[in-house]
Amino acid sequence: LMALFILLALVKPIVRWTVHCFRSGPEPIVLSREAQPLLHAVVDRLCATLDTPRPSEIRVDADINASAGPRSIIGGFFSQNTVLTVGLPLVAGMNVRQLLGIVSHELGHFAQSGGGTELTQLVRVLNAWLAELAMGRDFVDDYLERMANSHMQLVRLIFWLPMFCISTARRLMGMMMIAGHAASCFEARQKEFDADAYEIYVSGSDDFAGTTKQLRVLAAAYSMTMDHLRDSWQDRRLSDDLPRMVAVNAAGISDERRRQIQRLALTEKSEWHATHPSDAERIAAAGRLALPGI
């Protein structure tokens with residue numbers, strides 16, 4: 001019985017994660033070649049210039065971010081179907097040089113050796129599994145705890161030992177989780193520096209610094225926009241054009257506030273658990289490359 005409970009504690013996070021992977025989310029907005037031939041032509045040109053694989057699909061969303069990865073978490077291990085996703089607020093709030101630099105950064109992730117985005121996904125899955133083992137709780141854990149605290153002495157005796165073994169195993173998994181997370185985050189930061197080199201080659205070291213600072217301004221404007229939409233929703237009003245609204249709010253940020261946002265970004269340091277280097281480190285690395293851009 002004890003062995004069965006320990007095995008259950010190890011297996012149930014995998015079951016939950018598998019169910020999560022197959023759960024359908026919102027339909028992505030895909031930009032086909034027929035609908036957006038110029039965009040695809042530009043991305044093809046960038047891929048040829050940078051010698052990177054071409055994405056199988058280009059998507060857009062409403063985030064202040066761009067990303068590159070497999071079409072699905074599971075499917076990425078078995079196929080080369082890769083997806084480039086670009087946040088529309090970046091399109092509205094960046095100039096063309098900055099935007100193509102950001103796209104080049106994401107294309108750089110497609111070219112990375114050592115398994116690229118698929119290996120990164122696998123590492124994240126393993127880290128998530130360890131985290132679930134170490135800290136996750138569900139109705140099974142609640143049941144075991146109730147039985148271990150039962151007023152019946154025989155029941156307490158039966159369930160205390162498996163609870164002790166599971167608790168000990170969780171402490172060990174917790175230490176493995178921290179070590180694995182630290183190692184994978186270090187690798188992720190190095191991959192970001194590598195992808196930055198693609199962006200710097202395209203847009204130049206000076207524009208890279210400007211893009212990094214503008215991202216912070218857009219993030220602040222996005223937060224302002226969400227606050228405004230929450231208030232306006234009380235009157236049942238929403239924006240017709242969210243990316244444009246973010247760009248307008250960014251343009252309306254005062255010079256002093258803009259300097260404060262950018263100054264704060266340049267004083268932050270990378271933590272051991274960060275998946276991305278600090279802005280200051282990235283801008284310094286771009287300065288050392290001293291590239292004019294193409």
Side-chain angles (χ1 to χ4, degrees), residues 28-33 36-61 63-71 76 80-121 187-219 243 247 265 275-294:
I29 301 174
V30 180
L31 303 184
S32 66
R33 286 186 177 273
Q36 296 289 339
L38 179 58
L39 172 65
H40 280 270
V42 170
V43 171
D44 290 348
R45 178 79 175 270
L46 279 174
C47 292
T49 302
L50 298 171
D51 192 25
T52 65
R54 255 180 13 188
S56 307
E57 197 171 83
I58 299 177
R59 299 176 180 176
V60 291
D61 59 21
D63 289 339
I64 306 289
N65 191 27
S67 62
R71 184 170 291 174
Q80 298 299 312
N81 289 330
T82 52
V83 175
L84 170 67
T85 303
V86 181
L88 287 176
L90 298 181
V91 180
M94 297 282 184
N95 61 41
V96 173
R97 189 181 184 92
Q98 292 171 332
L99 181 63
L100 293 187
I102 291 173
V103 171
S104 299
H105 173 100
E106 301 307 330
L107 295 175
H109 283 304
F110 289 140
Q112 286 169 343
S113 59
T117 55
E118 293 81 8
L119 179 60
T120 300
Q121 290 288 341
E187 182 196 19
R189 291 194 296 272
Q190 302 314 304
K191 286 188 173 183
E192 289 301 319
F193 279 126
D194 179 71
D196 282 349
Y198 289 83
E199 178 177 349
I200 296 162
Y201 174 75
V202 169
S203 61
S205 296
D206 291 341
D207 277 85
F208 177 87
T211 301
T212 304
K213 294 174 182 178
Q214 179 66 3
L215 275 170
R216 288 290 186 144
V217 174
L218 285 176
T275 58
H276 289 61
S278 68
D279 289 347
E281 291 173 332
R282 299 174 85 157
I283 291 173
R288 288 192 291 273
L289 288 176
L291 295 174
I294 59 173

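FYI, side chains are in, hydrogens and waters are out, and symmetry mates aren't considered; it's all heavy atoms of this structure.
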Please examine the side chains of T82 and P53, heavy atoms only from C-beta on, and report whether any two atoms are closer than 4.5 Å.
no
State the CD-CZ distance between E281 and F193, to the nearest 0.5 angstrom.
5.0 Å
For I58 against P55, the heavy-atom pair lying closest together
CG1-CG, 4.4 Å
Sequence-distant partners of R45, salt bridge (Lys or Arg N to Asp or Glu O under 4.0 Å), two or more places apart:
none
So OG1 of T52 and CZ of F110: to nearest 0.5 Å the spacing works out to 8.0 Å
Beyond-backbone contact of V30 with R59, side-chain heavy atoms, under 4.5 angstrom
yes
Taking the side chain as every heavy atom from C-beta outward, state whether L107 and Y198 have any pair of such atoms under 4.5 Å apart.
no
Under a 4.5 Å cut-off applied to non-hydrogen side-chain atoms, are V86 and L99 in contact?
yes
Of all heavy-atom pairs between D194 and G108, which one has the smallest distance, and what is that distance?
OD2-O, 4.5 Å
Who passes side chain to side chain contact (heavy atoms under 4.5 Å, CB included) against D63, sequence neighbours left out?
D61, N65, Y222
Approximate separation, where rounding is to 0.5 Å, of D196 CG and H276 NE2
9.0 Å
Without placing hydrogens or testing angles, list every side-chain donor-acceptor pair under 3.5 Å for residues 90-97, not counting sequence neighbours.
| unit_1 | atom_1 | unit_2 | atom_2 | d |
| --- | --- | --- | --- | --- |
| N95 | OD1 | R97 | N | 3.2 |
| N95 | OD1 | Q98 | N | 2.7 |
| R97 | NE | S203 | O | 2.9 |
| R97 | NE | D207 | OD1 | 3.3 |
| R97 | NH2 | S203 | O | 3.2 |
| R97 | NH2 | P292 | O | 3.1 |

Less than 4.5 Å apart, any side-chain heavy atom of T49 and any of Y201?
yes
If I take atom OG1 from residue T211 and atom CD from residue E199, how far apart are they, to the nearest 0.5 angstrom?
5.5 Å
Determine whether a donor-acceptor pair (N or O, by modelled atom type, separation under 3.5 Å) exists between the side chain of H109 and the backbone of S67.
no
Tell me whether the count of non-hydrogen atoms from other residues, nucleotides or ligands lying under 6.0 Å of CG in D206 goes above 12.
no
Check whether any side-chain heavy atom of D44 lies under 4.5 Å from a side-chain heavy atom of R33, and answer yes or no.
yes
Looking at S205 and G287, would you say the former's side chain and the latter's main chain have a donor-acceptor pair under 3.5 Å?
no
Once you round to the nearest 0.5 Å, how far does NE2 of H40 lie from CD of E57?
9.0 Å
Which atom of V202 lies closest to which atom of L50, heavy atoms considered:
CG2-CD2, 3.8 Å
Non-hydrogen atoms of P243 and P89 that approach each other most closely
CB-N, 3.8 Å
Mind checking the CG-CD spacing from L38 to Q36? Nearest 0.5 Å is all I need.
8.0 Å
